[in-house]
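Indexing begins at 1, ligand by ligand and atom by atom, following the structure's order. Since this is a predicted model, take the numbers as computed values, not measurements.
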Amino acid sequence: MAGAGPKKSKVFRYLKYIFLAVLCVLLSLFTVALLRTLSLNVNVGLQLAHWEETNHIGLDLSQRQREEMLTRFKEAIRIPTVSYSPTDLNTTALREFSSLLRKAFPTVFASSLVQHEVVAEYSHLFWVQGSQPDLLPYMLLAHIDVVPASESDGWEAPPFSAKEIDDFIYGRGTLDNKECVMGILQALEYLLLRGYAPRRGFYIGLGHDEEVSGFNGAMNVARLLEQRHVQLSFLLDEGLLVVDGVLKGLDGPAALIGVTEKGMATVKLSVITAPGHSSMPPRESSIGILAAAVKRLEDNPMPMLFGQGPERGTFEHLAHKFNFPLRFMASNLWLFAPIVGRFLALKPETNAITRTTTAVTMFNGGVKYNILPSVAEAYVNLRIHSAHSVREVMDLMEWTVGDQRVRMDLVEGFDPLPVSSYSETSFGFQILKKSILDVFPQLTVAPGVCMANTDSRHYKDLTTGVYRFAPIWAKPGDAQRIHGINERISKKNYEDMVGFYSTLIQNCDVRTLPESHSGVHEF
Ligand SMILES: CCCCCCCC/C=C\CCCCCCCC(=O)NCC(=O)O
Ligand SMILES: [Zn+2]
Ligand SMILES: [Zn+2]
């Protein structure tokens, strides 16, 4: 007992030093985090710099032109260009759509500056000749086909009616992706009518089977351009959009430009058991075994990878627009990624950027109520996070299901796409950013990861600058309309889209990006 006093005070002294050391580390971490929060605003740079002057033709549409433009858009929505599978497309509708394009955009088809080709029967390739052939061309993409839609799912208007309700046009394809098909050509039609001739040449590619992977349309257009040794300065396709109120704590709307897209895997799960009479069932059926496997997949989502991919750049670009606690966290994902990731995982549209997602999309089994089913099958569609690969995801799935009786076959799959540059010297990204801010000055522009897949992936050998964006205004709940019910776009949004493409086409006429604090960039 006599020696306990000095020993205790020695321990106490050590504890004091440990406590002080921990406090110092915490204080330094806090100081670094605070400094990052105060200094992180990657949105300065070119915004303040001086852009080369080009002739800008404003659209200044009359009321009659506005109405005409909306009429043409509605006509496009009314044609049910549905893709069911790569071998089951509505070819009658696709042919009708080709005629509509010719009728709706007579100046485009008649212009000596425009060459038009039909590719793989229903896809379209336009070349708009520039007056300065030494400028590398760029390309705008969109797709004509749509996913199926059934009014009985709960649509407020028939999905191919283009009905107007409260200044919105309802219909399959209003957001994915006839607004881009018609918006791009409408902008070009008006520009040509006003005597515009581009300095920089550009291509427009309209695919007809994007919703079933684009193996016929986009792939053949890309192949054709490769055979012609075309190199593109950059390429813009559908993908991300303007989010308004979708990210909690963000002050104002933001335009997210997809600089990459997730990978994809479709996996077929099947269970085979002996068929027989339903009056003498075994303890487990093929359907039961498969249902349990699917449940395990749903109960055990793929690991959280938030912060390990380019989604990190999204938060660094948006950090200064978040309210206080979130600004601190978004500026310091090195420390807070696990917390921010958990918060984002609460909603499907933000969960999608935190991990590889697992969606059970088809489930079939049984042929008659009194026969034991011999085969049960399910299809799982995964969208693969940038830090994952198809192989890793397949291994994780097998481990989660953990049942040898469930066979897994990879039907189709590809790894996440390369990340395009979004630096100050990136011509494509900066031209897009300027065009977005010219038309929508209230937006904050940030790079993002497109959670869905697009035709642009077939063009990766033509350019390293692949971007996925359209100025569609998405408020909470709107993302669910894409491939869902009540897909719609406001009339104002469609008009703004035409304005955006018109501005973009003209902005692309600059020869170089303006000088930023890091120097002049030649293209
Ligand atoms: C900071 C991150 C915020 C994320 C919120 C983003 C909300 C995005 C909403 C919708 C994006 C939808 C993508 C639309 C592209 C559709 C392309 C398509 O359908 N392709 C076929 C396929 O992928 O199967
Ligand atoms: Zn689409
Ligand atoms: Zn789609």
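- Contact annotation: for L318 versus ligand 1, there are no heavy atoms closer than 4.0 Å.
- Using 4.0 Å as the threshold, G239 has a heavy atom nearer than that to some atom of ligand 1.
- Scanning the protein for heavy atoms near atom 4 (C) of ligand 1, the closest one is E349 O, 3.9 Å.
- The distance from ligand 1 to the heavy atoms of E211 drops below 4.0 Å at these ligand atoms: 19 (O), 21 (C).
- Protein heavy atom nearest atom 7 (C) of ligand 1, with residue, atom name and distance: V243 CG1, 4.1 Å.
- Polar contact with ligand 1: present for D176 (N/O pair, distance under 3.5 Å).
- Nearest protein heavy-atom contact of atom 1 (C) of ligand 1 is L247 CD1, 3.4 Å.
- Ranking the protein heavy atoms by distance from atom 3 (C) of ligand 1 puts L256 CD1, 3.9 Å first.
- Aromatic rings from F336 and F328 are positioned such that their centres are separated by under 6.0 Å.
- For ligand 1, the polar-atom distance check against H483 finds a nitrogen or oxygen pair separated by under 3.5 Å.
- The aromatic ring centroids of F126 and F109 lie less than 6.0 Å from each other.
- Neither the backbone nor the side chain of M264 has a heavy atom within less than 4.0 Å of ligand 1.
- Protein heavy atom nearest atom 2 (C) of ligand 1, with residue, atom name and distance: I353 CD1, 3.5 Å.
- Protein heavy atom in closest approach to atom 11 (C) of ligand 1: M451 SD, 4.0 Å.
- Less than 2.8 Å away from the Zn ion (ligand 2), the protein contributes these N/O/S atoms: H143 NE2, D176 OD1, E238 OE1, E238 OE2.
- No donor-acceptor pair under 3.5 Å is formed between the side chain of D167 and the backbone N or O of K491.
- At least one N or O atom of N453, backbone or side chain, sits closer than 3.5 Å to an N or O atom of ligand 1.
- Distance check: T354 OG1 to R342 CZ gives 9.5 Å after rounding to the nearest 0.5 Å.
- Annotation: T454 places no N or O atom under 3.5 Å from an N or O atom of ligand 1; distance criterion only.
- Every atom of ligand 1 is numbered from 1 in the order shown, and the set under 4.0 Å from a heavy atom of R383 is 22 (C), 23 (O), 24 (O).
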